[in-house]
There are 2 protein chains.
Amino acid sequence: MKLDKSLLSGSTGLLVLKLLEDGDKYGYQMTEELRRRSDKTFELKSGTLYPLLHTLEQKGYITAWEEASDSSRPRRYYHLTDTGRKHLAEKEQEWRTYADAMVKVLKGGEGYA
Amino acid sequence: MKLDKSLLSGSTGLLVLKLLEDGDKYGYQMTEELRRRSDKTFELKSGTLYPLLHTLEQKGYITAWEEASDSSRPRRYYHLTDTGRKHLAEKEQEWRTYADAMVKVLKGGEGYA
DNA sequence: TTGACTTATGTCGATATTCGATATATCATG
DNA sequence: CATGATATATCGAATATCGACATAAGTCAA
């Protein structure tokens, strides 16, 4: 089944921050883990992920550090800051509020009309 | 609490079609009913609603008819077509899939790492 | 009666989000 | 040695939403 990607847009930041709650991770790893944890529902594209990570870093929610490596291209690990952790908690609450409201509307309007 | 409007963006079309499932409605009425049924969580702006209605009409999901009136500005009522009804069912299913995946990710990754 | 508020539909430009395409580079596997 | 996986990144296009603005009729109180 082809899913409309825009159905939950705006929540990608929340998902990424949530992944970092468990510990530092690098971009590609996040893509993989998100696919796994969501049973292939969320497939983050590189064109979405990397600009998003830069934005989250600019906002102070995450910080980056580079894995030391001689030969190959270094991995950029990201770390969830205290500010990011607070922001994540707020966003999680917001999502629950929205999801609850959605359920209410989808339940039907028989009792209202 | 100020809610981030973009958190569930993309689902507005689904909400509007859902409202029309109960019967024909006009734009302003949808705004009111959506606010009521969602306990003030969803507040549809006119700048969002009217262009959206025109788009849904173009796609054949809804049809419009004007309330007969001599003096005042006529209300534009919208009707859910069969195509729209099918589309609504698909979108509802998609939303449930996404919401389920969201819950899985937000549950935490302890069991995965 | 005048001013404010609600009802009602609509456009426009700005902003944000996401995707697809493209680019680059390393490593493992056949 | 070519293909695919790993890994990060940019760019332009498409889309969604909002805030501001415009218009116009009805209601209600000072």
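These values consider heavy atoms only, across backbone and side chains, with no hydrogens, waters or symmetry-generated copies. A note on names: the letters A, B, ... follow the listed sequences, proteins ahead of strands, and every chain is numbered from 1. A quick note: this is a predicted structure, and the numbers were derived from the prediction, not measured.
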Within the pair [X] and [N], is there a side-chain N or O less than 4.0 Å away from OP1 or OP2?
| X | N | result |
| --- | --- | --- |
| A/T48 | C/dT17 | no |
| A/T12 | C/dT18 | yes |
| A/H54 | D/dT8 | no |
| A/R75 | D/dT6 | no |
| B/Y28 | C/dT9 | no |

Query raised in the report: Testing A/T41, A/D39, A/L15 for side chain to side chain contact (heavy atoms under 4.5 Å, CB included) with B/V105, which one passes?
Result: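 Testing each of A/T41, A/D39, A/L15 against B/V105, the sole residue satisfying side chain to side chain contact (heavy atoms under 4.5 Å, CB included) is A/L15.
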
Report task. State the CG-CD distance between B/L14 and B/Q93, to the nearest 0.5 angstrom. Result -> 11.5 Å

Query raised in the report: Between CG of B/L34 and NZ of B/K25, what distance do you get to the nearest 0.5 Å?
Result: 11.0 Å

Spacing of [X] atom [atom1] relative to [N] atom [atom2], expressed in whole Å:
| X | N | atom1 | atom2 | value |
| --- | --- | --- | --- | --- |
| B/Y50 | D/dG19 | OH | P | 16 Å |
| B/L49 | C/dG10 | CG | P | 9 Å |
| A/E32 | D/dG4 | CD | C1' | 13 Å |
| A/L53 | D/dA7 | CG | P | 14 Å |
| A/L44 | D/dT8 | CG | P | 12 Å |
| B/I62 | C/dT9 | CD1 | C1' | 14 Å |
| A/E57 | D/dA9 | CD | C1' | 14 Å |
| B/K45 | D/dA20 | NZ | P | 10 Å |

Query raised in the report: Checking all strands, does A/G47 fall into the base, sugar-phosphate, or nothing category for heavy-atom contacts under 4.0 angstrom?
Result: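 Here A/G47 touches the bases of the nucleic acid.
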
Query - Selection from D/dT10, D/dC18, C/dT11 that lies nearest to any side-chain heavy atom of A/P51 - result: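 Out of D/dT10, D/dC18, C/dT11, the nucleotide with an atom closest to A/P51's side chain is D/dT10.
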
**Report entry** Among C/dG20, C/dA8, D/dA7, the one nearest B/Y26 by side-chain distance
**Finding:** C/dA8

Requested in this report: Between A/S46 and B/S46, just flag the one whose closest nucleotide in DNA chain C comes earlier from the 5' side.
Outcome: B/S46

Query raised in the report: Which class fits the ring pair B/Y77 and B/Y26: parallel under 30°, tilted 30 to 60°, perpendicular over 60°?
Result: perpendicular

Report task. In plain terms, say whether A/R96 and A/E92 are close enough for a salt bridge, that is, a side-chain N and a carboxylate O under 4.0 Å apart. Result ->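 Judged by the 4.0 Å cut-off on N to carboxylate O distance, A/R96 and A/E92 do form a salt bridge.
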
